[in-house]
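Atoms within a ligand are numbered from 1 in the order they appear, just like the ligands themselves.
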Amino acid sequence: MNNLISTIKTRTIGLIAIALMVTFTVIACGNGGTPESSATVGIAPEKVVDYIHTVLLADRTAYTKHVVNRLKKLEGKDKPNGVVNAEATESWKDTDGIPLPAQMFRLGSEVALENTTDFTYGLISSWYINDNHNLKSEFEKTAMAEVNKTGEPYKGYQEIAGQTYYSAVYPDIAVAEACVSCHNTHPVHLERYPDKKFELGEVMGGIIINLPVDKT
Ligand code: HEC
């Protein structure tokens with residue numbers, strides 16, 4: 001399973017690397033075909049984070065739709081349309097199950113961190129189950145509050161330990177009944193947020209992407 005995760009993530013990182021490499025040099029040629037001037041054209045950071053987000057979301061959705069949805073069980077409950085005799089469960093490591101989509105996403109972000117320092121990404125939430133997903137910087141607090149309210153992405157610059165980042169938070173929305181029912185009945189959620197009941201269509205958290213940038 002670790003090999004599989006690694007393969008999938010290596011492919012994802014490859015795709016992202018290709019997206020980032022689409023920084024090209026334009027060479028303007030004069031009459032005689034000799035280069036007169038050259039300029040490097042970069043991609044705006046707000047575009048780069050959008051590209052990364054597209055790939056991350058695509059992978060997560062494909063994993064949910066084409067892997068987890070085919071299993072017969074999701075966290076102890078039978079799934080009516082399941083065909084593969086296996087379970088996706090939070091305790092996948094201690095059982096013979098496979099990771100939940102949010103866990104798969106976190107595992108991917110950990111593999112990415114081993115492979116690149118060009119950017120980092122992860123999940124955050126105002127109502128987190130996993131402590132790693134707590135809101136940390138002032139930017140994360142402001143951005144998440146805004147995203148919770150508007151359901152729209154929030155982007156901007158922040159500084160952490162002397163490094164400037166272009167950061168973006170994209171809404172993670174309760175698109176299926178399973179999102180709502182699993183979170184609302186999770187023991188950690190019940191203990192921490194007894195009054196918070198997610199509803200379909202609501203923002204449950206966010207995908208954050210941090211791109212280190214040079215100060216200009
Ligand atoms: C079967 C249970 C289950 C389902 C279904 C589920 N989640 Fe989660 N979700 C979890 C668990 C467990 C975590 C913590 C994972 C970890 O340890 O990284 C989590 C983490 C998250 C987080 C990060 C914040 C946190 O709580 O740690 C977000 C945001 C999130 N889920 C959104 C969703 C959305 C949106 C859906 C539906 C598309 C969904 N979840 C479906 C169990 C579930």
Side-chain angles (χ1 to χ4, degrees), residues 1-2 5 8-9 52-54 56-82 84 86-113 120-137 140-141 143-154 167-210:
M1 181 50 67
N2 278 340
I5 292 169
I8 293 172
K9 286 303 146 192
I52 297 172
H53 176 247
T54 300
L56 295 176
L57 197 65
D59 263 19
R60 168 138 164 238
T61 307
Y63 179 69
T64 308
K65 217 168 155 182
H66 302 300
V67 180
V68 173
N69 276 357
R70 290 175 60 78
L71 307 185
K72 287 194 172 163
K73 267 185 193 275
L74 174 63
E75 206 62 277
K77 293 203 188 98
D78 287 332
K79 291 209 303 82
N81 300 325
V84 179
E87 179 183 12
T89 165
E90 186 176 353
S91 52
W92 61 279
K93 255 188 185 163
D94 307 317
T95 64
D96 51 5
I98 67 166
L100 296 172
Q103 293 176 301
M104 185 70 173
F105 188 88
R106 183 165 50 79
L107 291 165
S109 74
E110 288 164 10
V111 175
L113 203 58
T120 60
Y121 68 89
L123 288 169
I124 54 173
S125 175
S126 308
W127 309 275
Y128 55 92
I129 293 173
N130 182 326
D131 288 348
N132 290 329
H133 300 143
N134 187 11
L135 306 176
K136 291 168 268 303
S137 64
E140 288 187 6
K141 288 174 192 158
M144 197 69 257
E146 246 346 90
V147 173
N148 287 343
K149 211 161 59 190
T150 63
E152 296 294 327
Y154 183 98
S167 297
V169 174
Y170 298 84
D172 197 23
I173 293 167
V175 287
E177 191 51 47
C179 314
V180 169
S181 62
C182 185
H183 276 252
N184 284 347
T185 57
H186 193 283
V188 173
H189 181 93
L190 288 173
E191 197 192 318
R192 283 184 183 161
Y193 323 104
D195 299 329
K196 177 66 188 172
K197 295 274 168 264
F198 287 118
E199 286 173 16
L200 259 183
E202 201 179 340
V203 175
M204 295 177 69
I207 294 175
I208 180 156
I209 298 167
N210 301 302

Beyond-backbone contact of [X] with [Y], side-chain heavy atoms, under 4.5 angstrom:
X: Tyr63; Y: Ile98; answer: yes
X: Glu87; Y: Leu71; answer: no
X: Arg106; Y: His133; answer: yes
X: Leu56; Y: Tyr170; answer: no
X: Leu113; Y: Thr120; answer: yes
X: Met144; Y: Val203; answer: yes
X: Tyr128; Y: Leu123; answer: no
X: Ser126; Y: Leu135; answer: yes

Could you check [atom] against the protein and tell me its nearest heavy-atom contact, residue, atom and distance included?
atom: atom 18 (O) of ligand 1; answer: Arg106 NE, 2.5 Å
atom: atom 35 (C) of ligand 1; answer: Ile173 O, 3.2 Å
atom: atom 15 (C) of ligand 1; answer: Gln103 CG, 3.8 Å
atom: atom 5 (C) of ligand 1; answer: Ala178 O, 3.4 Å
atom: atom 22 (C) of ligand 1; answer: Leu123 CD1, 4.0 Å
atom: atom 23 (C) of ligand 1; answer: His133 ND1, 3.4 Å

Next on the checklist: Which residue in the set Asp59, Leu100, Ile207 passes side chain to side chain contact (heavy atoms under 4.5 Å, CB included) when paired with Phe105?
Outcome noted: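 Only match with Phe105 under side chain to side chain contact (heavy atoms under 4.5 Å, CB included): Ile207.
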
In terms of atom number and element, which parts of ligand 1 are under 4.0 angstrom from non-hydrogen atoms of [X]?
X: Glu75; answer: 1 (C)
X: Asp172; answer: 28 (C), 29 (C), 30 (C), 32 (C), 35 (C)
X: Glu90; answer: 12 (C)

Checking the N or O distance criterion of under 3.5 Å, is ligand 1 in contact with [X]?
X: Asn130; answer: yes
X: Arg60; answer: no
X: Ser125; answer: no

Next on the checklist: Checking contacts here: is it the side chain or the backbone of Val175 that comes within 4.0 Å of ligand 1, counting heavy atoms only? Could be both or neither.
Outcome noted: side chain

Next on the checklist: For a side-chain contact (heavy atoms from CB on, under 4.5 Å) check, start with the C-alpha distance between Arg60 and Asp172, then their side-chain angles and the critical distance, and finish with the verdict.
Outcome noted: CA-CA 11 Å; Arg60 168 138 164 238; Asp172 197 23; 2.8 Å; yes

Next on the checklist: Give me the number of protein N, O or S atoms whose distance to atom 8 (Fe) of ligand 1 is under 2.8 Å.
Outcome noted: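 With waters ignored, the protein N/O/S count below 2.8 Å is 1.
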
Next on the checklist: Using only atom types and a distance under 3.5 Å, with no angle test, would you say the side chain of Gln103 pairs donor to acceptor with the backbone of Pro99?
Outcome noted: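 The answer is no, because no donor-acceptor pair under 3.5 Å joins these two groups.
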
Checklist entry - When the ring planes of Phe198 and His189 are compared, do they come out parallel, tilted or perpendicular, using 30° and 60° as the limits? => result tilted

